[in-house]
Structure formats: C-alpha cells, structure tokens
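Structure, as structure tokens:
Residues: numbered from 1 along the sequence shown. Order of listing sets the numbers, starting from 1, for every ligand and every atom in it.
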Amino acid sequence: MVTPLDQRPRSGPYSGINARSAKRFLAEQFRQADLPFPEEDARDLVLAATGLSEVELITRGTEFLTPEAFERVSEFAARRMSGEPVDHILGERFFYDLPFTVTRNVLSPRADTEVLVRESLRLLEGIASPHILDLGTGSGAVLISLLHARPDANGVGVDLSDAALAVAKSNAARHDIAAEWICGSWYDPIDKARRFDVIVSNPPYISDAAMEGLDVEVRDYDPPLALRGGPDGLAPYPIIIEGAQYHLRAGGWLLVEIGYDQGEAVLGMFEAAGFTAVACLKDLGGQDRVVMGQWSS
Ligand SMILES: C[S@@+](CC[C@H](N)C(=O)[O-])C[C@H]1O[C@@H](n2cnc3c(N)ncnc32)[C@H](O)[C@@H]1O
C-alpha cells in the first residue's frame, strides 16, 4: 500500500518531494485504488497544483514543490481517492481542443460527443453564415465549439436548467463567443417562424434500469436532468425529431447523440418522420453514437 503523500517524511523549508516524483507517487496510489486512468489523472493534478506545463514537468520536474503546491497536490490526491472526477477537482474539461468550465450543474462534456461537432461542421461546409440550434446545451461545449470553428455562424443554445445556462454563458465569454442562450424545454422557447441549417442535440438518454448501474463518478457528479431519458431512455427523441420538421430549413440537418444501444430505435424514428439520408455514426470506440437525417421539404 502506498503511503498518502501528506504522510510522507519531509525535510527543510520545502516539501522534500519534486513534481516528477509526486506524479509517480499519485499514479501508483491511483493504480492501487483501481482508478481507470492513473497516469493521466496524476499528470493533470500535478500540473494544475504546480502550475507547470507538460514540458516544464520534464525540464523542471526535479525542483522541490513549494509547501503550497505540496498542500494542493495532497488535497487533489485525497479528493481523487474519494471518487471525485479530475474535471470536477479542476473545474475544467477539454472538449474539441477548448477548455470548458464544468460545475455540478452541467454534464462534463465527453470525448464521444466530439463526433456530433465534427459531423455538423462537415455538413455546414459551403453554407455561408449558417444558423445553428443546440437543444440541451448544458456547458455550451457543443455550440461553442461549432461557433469557434465557424465564426460566421449564428447560434442558439436552449436548456431547461438556468444554472446550466449560466455555465454556458461563462464558457461563451471565456472563448469570446456570441450566442443566444435561452431557458425552456426543447423548442418551446423558440419562435415558431425560426429556421436553422443544423439542429444538434445531446439529450439525456439513460434509461431507468441503466441509471442503477452508473459509475459513481457519473451518478454522483453529473446532474440527473442531464442523464435521465425516461423509462427506456428514449423520451426526448420523438419531441426533438417532431419539432425539427418545423425548425429546419429545406435541406437542413438534425443530428442527435444516442446511447450505444439506441441506434436502431432512433433511426426508425427519423425514417418514420420522413427524414432522408438517415445514418448512424460511430464514436472513436466503435459504438453507435450519433443519428442524423436531412429534412428535404
Ligand atoms: C446529456 S446533457 C448534454 C449537455 C451538452 N450539450 C453536452 O453535450 O455536453 C443534456 C442536457 O439537456 C438538458 N435538458 C434536459 N431536459 C431538457 C428539456 N426538456 N429541454 C431542454 N434541455 C433539457 C439538461 O439540463 C442537460 O444540460
């Protein structure tokens, strides 16, 4: 068993431990606790606690930690050992190469969702000043990434949670992105006459049964409103698909994120509603992740 960092013997005015060995030490502690990404977590926490960059961890990694940095490393390590995810400890998560503030009021944006952004950007190629609607915007990560990549686009982000929208607005300000952020349920707050080139949504899609088996890190740190998709997890999709028919321009696209086992059900909903070019895209792990379709009429 590894001795926790703050119980190790120290010497002199400094902590007696350098950044590189702190990282090694944390990684070993996390590995023994069966945490899934011990090396990455240890690196991210030591970098944040010391203020060093990844390169500086190599070039200056043998310098002793200051007592303050040592205290921060010890605190971060204890929080991680108690199950708190790294992005909540640091208050930040990278998505599509941009840092986003995360709090307990928003889902931490996941790498799997990047396929939704990548495909939307592909579909928007060739459309000047496109209009984009993001339903269930949460931290704003999807819409902000799209607008960051397409500075000529206009964007609207809707969420039922005012607290989530506050995080989205602060992320938009952080990246100097202008968008409309509206509180309400799906299309309810959107003017009936408004049309978009692309509507994206990563709605809550966890079924009641799957909620029972969620990892502690998801269950205890992501808000239930961002997770619960009704008894079978599919409740938001009929609403999002139905409304898209009134809010897409002719030739516009709807893209929704889905759970790995929901592809067939959601593809069927798109086809029954009259969408064309309906397709299911996989994430980097090879799982069904996005269903998309074009509205032609
Ligand atoms: C899975 S999270 C997605 C957050 C973000 N778009 C992302 O991909 O990281 C789903 C979001 O939908 C929001 N939501 C849940 N029900 C909603 C509703 N009826 N209308 C609008 N937003 C809703 C939640 O508050 C949450 O922010």
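No side-chain N or O of Thr101 forms a donor-acceptor pair with one of Ser170 less than 3.5 Å apart.
In terms of hydrophobic clustering, with Ile, Leu, Val, Met, Phe, Trp and Tyr side chains grouped at heavy-atom distances under 4.5 Å, Ile177 and Leu116 are assigned to a common cluster.
Taking the ring centroids of Phe100 and His175, they lie under the 6.0 Å cut-off.
Atom-to-atom distance recorded for His88:NE2 and Arg80:CZ is 11.0 Å, nearest 0.5 angstrom.
Within 4.0 Å of ligand 1, protein heavy atoms come from Leu107, Pro109, Thr113, Gly136, Thr137, Gly138, Val142, Asp159, Leu160, Gly184, Ser185, Trp186, Asn202, Pro203, Pro204, Leu225, Ala226.
Residues forming a side chain to side chain contact (heavy atoms under 4.5 Å, CB included) with Arg24 (at least two apart in sequence, or on another chain): Ser21.
Across Arg110, Arg93, Arg104, a single residue satisfies salt bridge (Lys or Arg N to Asp or Glu O under 4.0 Å) together with Asp222, and that is Arg110.
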